[in-house]
Structure formats: C-alpha cells, structure tokens
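Worth knowing before you read on, the calculation uses all heavy atoms, side chains too, and leaves out hydrogens, waters and symmetry mates. Residue numbers count from 1 along this sequence. Quantities reported herein were computed from a predicted structural model and do not represent experimental measurements.
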Amino acid sequence: MLHRAFETARTGGVLLIDAPTGSGKSSVVSALLAGRRDRQIIVAVRTISQLTTYIRELELIRKKQPCLKFSYLVGKSSMCPLGGSGDTYRKCEAVKGFSTALIRERADRGSLDPSKDKVILDQIRKNDPDHPIICPFFIRSRMAIQNEKAGGLRLVPSDACKRLSTQVIERCIKPDTLRESCGGLCPYEVMAQASLQADVLICNYHHIMDEQIREQLYLNLQREPSEILLLIDEAHNCGDVMQDIMSVSLDHRALEQADHDISSIKKEVKDLEAIRRLIPGIKKFLDGLRRSAVTEDWFDPQLFSRMILRESLYGTMEEVVDEFMDLAENIRETNSKRGDFRTTGIERLSAFLYRLHNSGTNPAYLTLFRKDNENIYLEVRNIDPSPALSTLAREHFCSVYISGTLTPLSSYQQLYFRALPVDYPVSSFSLPNHFPKKNRIVLTTADITSAYSQRQSDENLKRMISYIRTFCTIPGNLGVWFPSYQMLESVTREVEMHLHDREVFIEPRDSSEAGPLLTRFMSLPGKGKKGILFAVCGGKFSEGLDYRGEMLTGAMVIGLPLAPWNQVRQMIMHYYTRQYGEEGKFIAYTLPALNKVLQALGRVLRTPEDRGVLIIGDNRFLDPSIKERLPGWMQEEIQEVNVHSFPSLLKGWN
C-alpha cells in the first residue's frame, strides 16, 4: 500500500485505496512525504477526530524526521473569537476588508504597527460587539512594512503572529486549545501563516471540495494546484459531500425572509415592486405541493417558471435571475456596512433561481420537492459528483483516495472519475485484512429481510426479535443497526421488554442528545456493565467512531438500507443507467446502502486484539449480485445461518 502511494506521489495521477478499518491507513501520509519532491501535501478530513488521527501520525513521523513541519486549518466558525451573528465566513471577509482599509489608511500616515495606533485602538473601543465592522484580532495579526521592490507599503503578518505560527508548528497546538493559545491574535491568521511553512496541511473537506474556498486557500498558500499532493481520508464520503456543495434548496421561511428583505430596503432601492410581485407566485407553487401524497418527488422547472412569470412584469427567467442577483449583491453590501452578516432570504432565493435556471441544460441536476412535517422544500439537487471530482483530480499533481469501505473499488472509480480523460492515470489497490481470523465470525441470515414485501410480515418480525435476543448472549457492549428510524422504533418496541440484563440505548433523532448517550454507552465496560445500542445505518453512531475492546464486541445490521423507491430514485437510476449501463443500477441505488452496512460493521474490529461478531441480517446479501461486491475477506469467511442454527453457532464462538 505504501509503495503504491509512493509511486503515485512520484508520477502523478489518482490512486484509490480500500484498506480495512484499523489497518493503519493514515500511514499513507509517510509514503507521500517520501515521494513529494518539495510539493506540499494536503490531507482532507471530515471530522476533528480524523484530523487528530493525522496529527498523531505526523507527530510519530517527526520523531524520525525532526525537520518535518505540519499544520492544520479547521472551519472559521470554530476558530473565530469575534462576536456577532450571521455567517462566519461572510463576517470574516467583511471585517477583514474594513480592517485592512483602516490599517492602510493609518500606515500611509506613518503608523506601521496597527496594534499600537491610537486611532485604530479608539475604533476598536467603539466597535459594536454584536455588529462588528472591524476585527481587533485580525488587526493585531497584521503590520505594514515598506515594499522595497515596488515601493509603497504592504501588509504582512505581525511579529507576534509569526512567532505564534512557528510555535504552532514546533509544539502542534491542538484544535481544542487553539483559540486560548492565540490570545488576542486571529487563530485563522496564525494557522494560515503556519500553513505557508508546512510540508503537510490538514484541513476539512470543504477547503478542498468547495471551488471558491479552494481557490482562496491556494491563493493564501501561494501555491498552484499542480504543486499539491492530495490525500482524501474516508473517501467513500466524497460523492455525497460534493453533491451537497453543488445542491441548493428553498423553503417558505426563506421566501418570507426575502419578502421582509425587500420591505426593509424599499426606501433605499427604487423599482422593487416588479421583483416583489414574483414572491406570491413562488409561494403559490409551494402551497400547491402540500396536496401531494408523497414526501419527495420531481417538479417540472418549466411549470415553475411559467407560474411565476404569468403574473409578473418579466418576459423570461434570465431577466428574473439577473434582477435577483443584482439585488442580492446590493443587500449584501448594504448589510455588511452595518455589521449585519446574515445570509438573507433574497440571497437564498437568488441562488436557487440561478441554479434552477441552469439545471435545464444539465441532466446531472434534478429539480425536486421534499415534505418535512409542515414544511415544503424545493431543491435543485446534484446527482453526479464525477465532473467536479474529475476536475479536482486533474488540477492536482496527484490525489490519493483512501477508506476502509471503498468496496467495490471499480464502482467508486466509475462514480468519481468517469469524466476524466481515458488516458489519465487512475489506479486502485485493495489491502487484504490481516487481522487474525480467529478473532472474528461473519454471519449472514437466510430468513429475515427489510425488503418492502416483508415489512408487514409477523413471522419476519418474530425472527428478527429472536436473532436480537440470541445476539444478546454475547458478552460486552453490542450494537444493532436498522435501515430507518421507523424500523428501529418498531422493532425495539417489541424486543426491549426481553432485554433485562443490559442497559438499552436508542439513537435519538435530535443530534444534541447523541453525545451524552454515546459517552454513557462506551463507559459501561469500565464499570463492569454491558449495554445494547439500537441505531440507524448512516446515522450518528455508524461512522467515524472507535469502539475498542469491549466497548463493542458485536454488530448486527438488520436489513439493507436502500433509499425509499420513488420517482426521484427512478430518475436517478435512469441517469446512471445511461452513463454506466447495467452497472449504473448498482452504483445509483445499492452502492450507498452497501457502504452504510460496511461502515456499521466496521465499528467492531479496530485493533488486531479486538474480538467480535459481525452479523448481516438480510437474505439479500446471499444473492451473488450483492455478495460478490463485499470485501474479499468477508466473501471468504461469511457463513449462512437461520434462526435455528444461530444460537449454537454463537455458543461455539463464545
């Protein structure tokens, strides 16, 4: 694995690596360091825990290579110490602009250190903490110097910012103590300065996958993408993240806010009545969808356009989109000058109409609506990440995509990089599972399923309950994952009364309740107790968590978590069939469900010493079309069971 990564770092191209959970795949960064030839390495991660994993890996490497420099960037929202509400990135952009102008103005008068300038200090004292227009943290992180080559003045990091950025690299200040360590300096500016010196920079997905953020990042790094080696961790998420970035939605609340935005500026901006008359038409379209019996469906963008144009003063959607975009920019600038950095309803509506208009010529976008309780959402959803991910790969010297569940590799290669030129070097590598076979047992049930045709079967439900009760004879903490909250709640309601010797934990729908619940669950083995966690595949407890030792000794996945079949799913299926032929059906529908199953099962065996039982509770996994797409080691070891043979197999395992 390391050799393949080293060769990719030397020669360029794309490498996809499927490496079993717990096999040490983060060590790939060492191979990239060995082959980088002075290029910078950027590691993209999804979570703070993954960022911490790479910090730990790089600290180990630095024991052998003391000259190694590494840094990280996390989202500004978690780093920014400046008060005020609204969008953190917009606030940062605006206050940095005002602060820079003030620093330059004072520097032109001979005051080169803004942190000691009386006029600037007076402005800071007058700053409204709820609606700031200058940033004291940014000001302390900057100074002006004479530009010897071009003449005049230029702004550079302050001496204090440079000193702290060096300390960050030498001591590796962790994300949870960064703001405190920066004192009165801007944490993001400190980390940006550290990043200039770094051989390896760790950042979150959006820094790399959002085109605008990526361009700004590389501008700050003073690097071209062709000078960058990318390492994308947990790469099975790339498609979903890229599609989310390229999708946009609209609901009643945004429309109400847009109407309010127009009312608030009608004195400053003339001729707004034509735009305002469009909003009732959009509300009428939304209200019409309330009568739909389905919770998700496609809507006709042409019908939408005709409805809102019918009673308007506009002739085409191009005119509407242009008017809204101009107005959105006007409102954004006006609000920024007042220290108001909220994303307005007009901006949301403008972005939606722009994307909606462009979707008409791009089949990779679907126009659909969703019903969520009483709310209706219109959405322009991207359904194909390949063009954007292919562009990302082509721009960089090389990119390595790595995951514990990138199975089957051929399907992910097609999904991510179909739009690359045929001669572009793309390769893949699967790392065998070298954990001891004696420490695990993999079972698939032949007599239960979550297939829709069996959802109402009493016999199917009784067998599920029997499996779970037998499963609970295993020592240690256990986890059972379901395809949906609805199924989780219906099954646990029936089985909970039979579980007397275990504490029961049920995944909450509210994210704020998840952390404390998980902490209690994972602490049980240390107290000599045991519990069972009922959760949802693809939910809060199925990915990115380490349940080591007896924190989780067994995982059972009930069913195949396929998305609900409806017209939207059918349209996606047709799109992928046109792109990939018969394989497109698997990529569009079954691949995401298979990944959720593998992620849940992967929570158990995290180290070579861990022992665990892995159970796939759906007879569809015995079908060759699915079984042959499981990881090779699972195909070799999987044993078929039924509700009668299951108890004796488990007893033999114990």
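With hydrogens and angles ignored, the 3.5 Å screen pairs a side-chain donor or acceptor of Thr553 with a backbone N or O of Pro475. Between the Asn477 side chain and the Met551 main chain, a donor and an acceptor come within less than 3.5 Å of each other. Within the 3.5 Å criterion, the main-chain N or O of Met497 finds a donor-acceptor partner in the side chain of His500. At least one donor-acceptor pair closer than 3.5 Å links the side chain of Lys371 to the backbone N or O of Ser292. With hydrogens and angles ignored, the 3.5 Å screen pairs no side-chain donor or acceptor of Gln454 with any backbone N or O of Ala451. Side-chain atoms of Gln635 come within 3.5 Å of backbone N or O of Glu628 as a donor-acceptor pair. For the pair Tyr580 (side chain) and Gln414 (backbone), a donor-acceptor distance under 3.5 Å is present. Gln243 places a side-chain N or O within 3.5 Å of a backbone atom of Asn382 that can act as its donor or acceptor partner. Distance alone, capped at 3.5 Å, is enough to place a donor-acceptor pair between the Arg4 side chain and the Ser428 backbone. When atom types are taken as modelled, the side chain of Tyr205 and the backbone of Asn237 share no donor-acceptor pair closer than 3.5 angstrom.
Taking both residues in full, the closest heavy atoms of Ser411 and Leu591 are given as CB-CD2, 4.1 Å, listed atom of the first, atom of the second, then distance. Of all heavy-atom pairs between Leu392 and Ile208, the closest is CD1-O, 3.6 Å. When every heavy atom of Val604 is checked against every heavy atom of Ala555, the shortest pair comes out as CG2-CB, 3.4 Å. Nearest heavy atoms, Thr473 versus Leu650: OG1-CD1, 4.3 Å. Counting all heavy atoms, side chain and backbone alike, Gly75 lies closest to His207 at N-CE1, 4.4 Å. In terms of heavy-atom proximity, Ser403 sits nearest to Ala235 at CB-N, 3.6 Å.
In this structure, Tyr589 and Trp565 have perpendicular ring planes: the angle between them is above 60°, well past the 30° mark. Ring geometry for Tyr401 versus Phe417: interplanar angle over 60°, hence perpendicular rather than tilted (30 to 60°).
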message: Does Trp298 form a side chain to side chain contact (heavy atoms under 4.5 Å, CB included) with Asn566? I'd like the steps, not just the answer.
response: CA-CA 10 Å; Trp298 176 78; Asn566 55 26; over 6 Å; no
field: Full working for salt bridge (Lys or Arg N to Asp or Glu O under 4.0 Å) between Arg620 and Asp618
entry: CA-CA 5 Å; Arg620 285 173 287 184; Asp618 199 299; 3.0 Å; yes
Verify side chain to side chain contact (heavy atoms under 4.5 Å, CB included) between Phe369 and Val294, making sure each step is shown before the conclusion.
-> CA-CA 10 Å; Phe369 72 88; Val294 297; 4.2 Å; yes
### Task
Quick one: do Phe541 and Arg603 satisfy side chain to side chain contact (heavy atoms under 4.5 Å, CB included)? Show the steps, please.
CA-CA 9 Å; Phe541 303 137; Arg603 298 310 96 206; over 6 Å; no
Verdict with reasoning, Leu478 to Met556, per side chain to side chain contact (heavy atoms under 4.5 Å, CB included)
CA-CA 8 Å; Leu478 303 175; Met556 174 185 285; over 6 Å; no
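Here Asp210 pairs with nothing under the salt bridge (charged side-chain N to carboxylate O under 4.0 Å, His left out) rule; sequence neighbours left out. Residues that satisfy the side chain to side chain donor-acceptor pair (under 3.5 Å) test with Ser484, not counting sequence neighbours, are absent from this structure. Here Ser77 pairs with Thr88 under the side chain to side chain contact (heavy atoms under 4.5 Å, CB included) rule; sequence neighbours left out. The side chain to side chain donor-acceptor pair (under 3.5 Å) check on Ser30 picks up nothing, with sequence neighbours excluded. Remark: Ser512 engages Asp510 in a side chain to side chain donor-acceptor pair (under 3.5 Å) (not counting sequence neighbours). For Glu507, the salt bridge (charged side-chain N to carboxylate O under 4.0 Å, His left out) test picks out Lys540, with sequence neighbours left out. For the side chain to side chain donor-acceptor pair (under 3.5 Å) test, residues two or more places apart in sequence or in another chain that qualify with Tyr412 are Asn595. Residues passing the salt bridge (charged side-chain N to carboxylate O under 4.0 Å, His left out) test with Asp18, sequence neighbours excluded: none.
With a 4.5 Å cut-off on side-chain heavy atoms, Val400 and Val28 count as touching. For the pair Phe435 and Pro20, the minimum side-chain heavy-atom distance is 4.5 Å or more. You'll find the side chain of Ser390 stays beyond 4.5 Å of the side chain of Tyr424, heavy atoms only. Ile532 is not listed as a side-chain neighbour of Phe505, based on a closest heavy-atom distance of 4.5 Å or more. Residues Ile615 and Thr445 form a side-chain contact, since some pair of their non-hydrogen atoms from C-beta on lies under 4.5 Å apart. When side chains are defined from C-beta on, Ile55 counts as touching Phe70, because their heavy atoms get closer than 4.5 Å. Using a 4.5 Å cut-off on side-chain heavy atoms (C-beta onward), Ile558 and Leu488 make no contact. You'll find the side chain of Leu552 stays beyond 4.5 Å of the side chain of Leu533, heavy atoms only.
The stretch residues 469-495 participates, sequence neighbours left out, in these salt bridge (charged side-chain N to carboxylate O under 4.0 Å, His left out) pairs: Glu489-Arg509. Listed by first then second residue, pairs satisfying salt bridge (charged side-chain N to carboxylate O under 4.0 Å, His left out) with a partner in residues 556-583 read Glu296-Arg569, Glu582-Lys585, Glu583-Arg629, not counting sequence neighbours. Counting only residues at least two apart or in different chains, salt bridge (charged side-chain N to carboxylate O under 4.0 Å, His left out) contacts with residues 519-537 comprise Asp501-Lys530, Glu503-Arg520. Residue pairs meeting the salt bridge (charged side-chain N to carboxylate O under 4.0 Å, His left out) criterion with at least one member in residues 438-447, sequence neighbours excluded: Arg440-Glu637.
Remark: Glu59 CD is packed, more than 12 non-hydrogen atoms of other residues, nucleotides or ligands lying under 6.0 Å away.
For Tyr575 and Asp384, the side-chain atoms include at least one donor-acceptor pair closer than 3.5 Å. Checked by atom type, the side-chain pair Glu57/Ser26 shows a donor-acceptor distance below 3.5 Å.
For the atom pair Ile616 CD1 and Trp481 CH2, the distance stands at 13.0 Å (nearest 0.5 Å). Considering CG of Leu51 and CZ of Arg56, their distance stands at 11.0 Å, rounded to 0.5 Å. Met209 CE to Ile245 CD1: the interatomic distance, rounded to the nearest 0.5 Å, is 7.0 Å.
Between Met634 and the choices Thr444, Thr407, Leu598, Asn433, the side chain to side chain contact (heavy atoms under 4.5 Å, CB included) rule is met once, by Leu598.
Arg253 and Asp251 are joined by a salt bridge, as a carboxylate oxygen and a charged side-chain nitrogen come within less than 4.0 angstrom of each other.
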